[in-house]
Amino acid sequence: MSDDTKTNEPAEENFLRKIVAEDQRTGKHAVPVTRFPPEPNGFLHIGHATTICLNFGIARDFGGRCHLRFDDTNPVKEEQRYIDGIKQDIRWLGFDWGEHEYHASDYFDQLYDWAGLLIKHGYAYVDDQTLEQMRATRGTVTSPGSASPFRDRPAEESLDLFAKMKAGDFPDGAKVLRAKIDMANSNMLLRDPVMYRILHAEHPRTGSDWCIYPMYDFAHGESDWIEGVTHSLCSLEFEAHRPLYEWFVQKIDELGGAPEGRTHHPRQIEFGRFNLSGTMMSKRNLLALVQEGKVAGWDDPRMPTLVAMRRRGVTPASLRNFVNIVGMSRRHKTIEIALFENCVREDLNKVSQRRAVVIDPIKVVITNYPDDQVEQMTATNNPENEADGTREVPFSKELYIQREDFMEDAPRKFFRLKLGGEVRLRYGYWIKCEEVIKDDAGEIVELRCTYDPQTRGGENPPPDEEGNVRKVKGTIHWVSAAHALPIEVRLYDRLFATDNPEAGKKKRDWRENLNPESLVTTTALAEPALAEAQLGQPLQFERVGYFTLDADSDKPAGKLIFNRTVTLKDSWAKQQKK
RNA sequence: UGGCCCAUGGUGUAAUUGGCAACACAGCUGUUUUUGGAUCAGCCAUUCCAGGUUCAAGUCCUGGUGGGCCAACCA
């Protein structure tokens, strides 16, 4: 198994790490502090893995620390199960926040005090306008907004109203607290943004203590500041929020409200997120997939969520390697799914034990093999790692091979079994197909073959009298019919048939782009050793793909289910397409 | 009819800060192989366009073009 706790792979340089390194060199921040700030309103996906590796990676490599902070300022969307899931995913990825678990809700009292400070000094006011009125007076990107009639309300009055908002005197939506900045600013976010809204909702942590909740913009920078975060890394869509982030910190600082011992303001720096070709990343749409039953749940192996990938058999090491290779920039990007698959294969190839599994079997009878004989053949567990040793595989007169490994009329380039042709059974014997038996429908039901006793283990036979060595082009896998273990295999493919399912005209719904063959469930026949498969153990079904045991399995009852993590590269299939 | 950001192969990221465009994936050749896997080797770019500065520009300047973000009491 790959060492999933080892997270010290060399990290690629990127512009963010350069900034951190420079701040450390100049002594501005000898100990960098970063944070991963998820909102607990869904499960983490592969995009979050980038942010996690980035923030925790910086803390690890620069002798700093990384906080886990739940951005829980909107109780109507957030749930405890998401909090638990997120923590599990981060640990699985191989990172540890130690003591540093925080919640924006830990700071509700401090935030409330700061809001009062801003009101007192004329930097915030309670607005009685409705949502519609506020929208109408905000202006547009090309025209300035106009002031609220409540904008110049005396500070004392706002203070009093704000206290009443907190006390629960008003229903949802009746009033908001707004920052008094600039209704004509070209940045719409600076046109007196809302700081607090009334929400009579149960919060997963603070229960019903509060009925007013701070908005993201008034909570995030302040939380960073309280925690002593030095580099607040976020994605590009928050770029326009940066002036606001800085405005709040600056004003509170000017008013003497700085947290104890803070000599620097946290710095927000943005980076570009990525999309994976053939998948969707927006939480909203992922939630829709789950709610509409398009997938079995957040952990359906076709989902780009971390829970799903874990279940599918993707290793944390391959995920870390992937985000490292993808890198960081200030651009929106679409990564080819092939790069991700390559990273998965690269790790799995090193760590997966090999097993023989026949999907879509066809029976092979070896006519010259003794009826009741069973031989134990020795198979290598992992040619990439000798320490994984070998195992015994039973061989007998009746076997199964994959239907696609036989062709009656084979083209010249077909190296597998054909009528009159010879092939190597991996770790078995060389066999030659003498006869094809079909049913009334013309379907092949059995192949009658002979074997060469001199090829035991799949070895080359000795040279003939003239010194010529017989050769065989192909090697195929097999299972002994009498010993075969029936299993279920779930063959997963990309969820969407198009590269960018969310793209194009708005009318074009991503639902139309779902790949109807994203899940094919079938039965297969496996070698006996597969009965010992463990949950979380990566396996390679030789010549087929990488698989792992699914949690739906019931081993005592003999019910074994395997998920295909990713196929093997198949240059034969590629050549056939041409 | 605004402000801000971005532009290097099919994809993504680099380029000693003005000095021979590098790495990975994909693709294509070939080598090797008891997995048509893996391995190994080779091929694959006038840096969006037009000007300018300079001995020298992916990098600096000017002007275009293309893309993205911003008008939730979401984050």
Side-chain angles (χ1 to χ4, degrees), chain A residues 12-14 37-39 41 71-74 76-78 104 127 129-131 134-136 138-145 172-178 185-191 193-199 212-213 215-217 219-220 234 236-243 270 272 274 277 283-284 324-343 345-346 349-350 354 356 379-380 383-384 413-416 424-428 430 455 457-460 472-477 540-545 567-576:
Chain A
E12 286 290 323
E13 262 326 304
N14 60 52
E39 182 189 15
N41 66 345
D71 229 331
D72 55 351
T73 56
N74 186 3
V76 305
K77 283 183 163 181
E78 295 151 9
D127 195 338
Q129 288 187 113
T130 63
L131 204 150
M134 282 182 56
R135 188 173 292 153
R138 190 150 26 224
T140 69
V141 289
T142 54
S143 62
D172 287 5
K175 290 179 168 39
V176 292
L177 181 71
R178 287 230 255 176
N185 201 289
S186 57
N187 181 346
M188 302 284 297
L189 289 163
L190 261 28
R191 322 248 260 227
V194 172
M195 293 168 62
Y196 270 92
R197 77 286 213 187
I198 301 170
L199 240 36
I212 57 170
Y213 290 92
M215 299 288 289
Y216 165 85
D217 286 303
H220 203 94
C234 62
L236 233 32
E237 67 263 33
F238 290 101
E239 197 171 19
H241 294 249
R242 192 182 343 123
E270 310 85 18
F274 68 83
S277 66
K283 256 188 198 173
R284 209 181 102 230
N324 196 33
I325 287 172
V326 166
M328 283 292 161
S329 66
R330 284 178 66 83
R331 307 167 60 174
H332 301 276
K333 44 194 161 260
T334 301
I335 312 292
E336 289 175 347
I337 192 76
L339 176 62
F340 175 68
E341 291 180 346
N342 177 269
C343 291
R345 288 193 193 102
E346 191 176 270
N349 178 48
K350 288 183 296 194
R354 317 288 138 125
T380 304
E384 303 292 320
K413 289 276 186 70
F414 185 81
F415 301 149
R416 283 108 101 142
R424 174 182 4 247
L425 295 179
R426 189 152 158 91
Y427 306 124
W430 290 22
T455 56
E459 300 289 346
N460 288 358
V472 84
K473 262 291 207 197
T475 300
I476 63 174
H477 66 284
Q540 184 194 106
F541 293 178
E542 286 208 337
R543 307 206 308 127
V544 176
T567 60
L568 246 32
K569 273 193 192 170
D570 191 346
S571 54
W572 166 241
K574 196 184 283 179
Q575 196 180 92
Q576 273 184 306

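All chains are named by letter (A, B, ...) in the order of the sequence lines, taking the proteins before the strands, and each is independently numbered beginning at 1.
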Heteroatom pairs (N/O) under 3.5 angstrom, protein to nucleotides 57-60 of chain B:
none

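For B/rU11, the OP1/OP2 oxygens have no side-chain nitrogen or oxygen of A/T334 closer than 4.0 Å. For A/K569 and B/rU35, the shortest distance from a side-chain N or O to OP1 or OP2 is not below 4.0 Å. Residue A/R345 places none of its side-chain N or O atoms closer than 4.0 Å to OP1 or OP2 of B/rA38. Side-chain N/O atoms of A/K333 include none lying less than 4.0 angstrom from OP1 or OP2 on B/rU11. At the phosphate of B/rG37, OP1 or OP2 sits under 4.0 Å from a side-chain N or O atom of A/S571. Between A/K574 and B/rA26 there is no side-chain N or O to OP1 or OP2 distance below 4.0 Å.
In this structure, the aromatic ring of A/F415 is positioned over the six-membered ring of the base of B/rG36, centres within 5.5 Å and planes within 30°.
Between A/R345 and A/L568 the shortest heavy-atom distance is NE-C, 4.0 Å.
Heavy atoms of A/Q540 sit under 4.0 angstrom from at least one base atom. A/R330 comes within contact range of the sugar-phosphate backbone alone, with a heavy-atom separation under 4.0 Å but no base atom that close. Nucleic acid contact class of A/K413 (heavy atoms, under 4.0 Å, all strands): base. Across all strands shown, A/F340 has no heavy atoms under 4.0 Å from either base or sugar-phosphate atoms.
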Completion exercise
A correct dot-bracket answer for RNA chain B, with pairs being Watson-Crick or G-U at under 3.5 Å, [ ] for crossing pairs and | for inter-strand pairs, is .((((((..((((.....[..)))).((((.........))))....(((((..]....))))))))))).....
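With the nearest nucleotide of RNA chain B identified for both A/M328 and A/G457, A/M328 has the one nearer the 5' end. Each of A/F541 and A/A338 has a nearest nucleotide on RNA chain B; the 5'-most of these lies closest to A/A338.
Checking B/rG10, B/rA38, B/rG36 against every side-chain atom of A/E336, the shortest atom distance belongs to B/rG10. Checking B/rU35, B/rU34, B/rU13 against every side-chain atom of A/R543, the shortest atom distance belongs to B/rU35. Among B/rU35, B/rC25, B/rU34, the nucleotide with an atom closest to any side-chain atom of A/N342 is B/rC25.
Contact annotation: side chain of A/E542 to base of B/rG37, donor-acceptor pair absent below 3.5 Å. You won't find any donor-acceptor pair under 3.5 Å spanning the side chain of A/Q576 and the base of B/rG36, going by distance alone.
Straight-line distance between the C1' atoms of B/rG52 and B/rG9: roughly 28 Å, to the nearest whole Å.
Looking at A/T380, its side chain never comes within 3.5 Å of a backbone N or O of A/P383 through a donor-acceptor pair. Checking side-chain atoms of A/R330 against main-chain N and O of A/E270 turns up a donor-acceptor pair under 3.5 Å. Side-chain N or O atoms of A/N187 include one that pairs as donor or acceptor with a backbone N or O of A/A240 at under 3.5 Å. In this structure, the side chain of A/D72 engages the main chain of A/A104 through a donor-acceptor pair within 3.5 Å.
A donor and an acceptor atom, one from each side chain of A/R426 and A/H477, are nowhere located under 3.5 Å apart.
Checking A/E237, A/R242, A/H241 one by one against A/E239, the side-chain contact (heavy atoms from CB on, under 4.5 Å) holds for a single residue, A/R242.
Classified by its glycosidic torsion, B/rU46 falls in the anti category, the angle being over 90° from 0. Applying the 90° criterion around 0 to the glycosidic angle, B/rA72 comes out syn.
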Exercise for the section: Going 5' to 3' through nucleotides 68-75 of chain B, assign each nucleotide B (protein heavy atom under 4.0 Å from a base atom), S (under 4.0 Å only from sugar-phosphate atoms) or - (no protein heavy atom that close). Expected result: S-BBSBBB
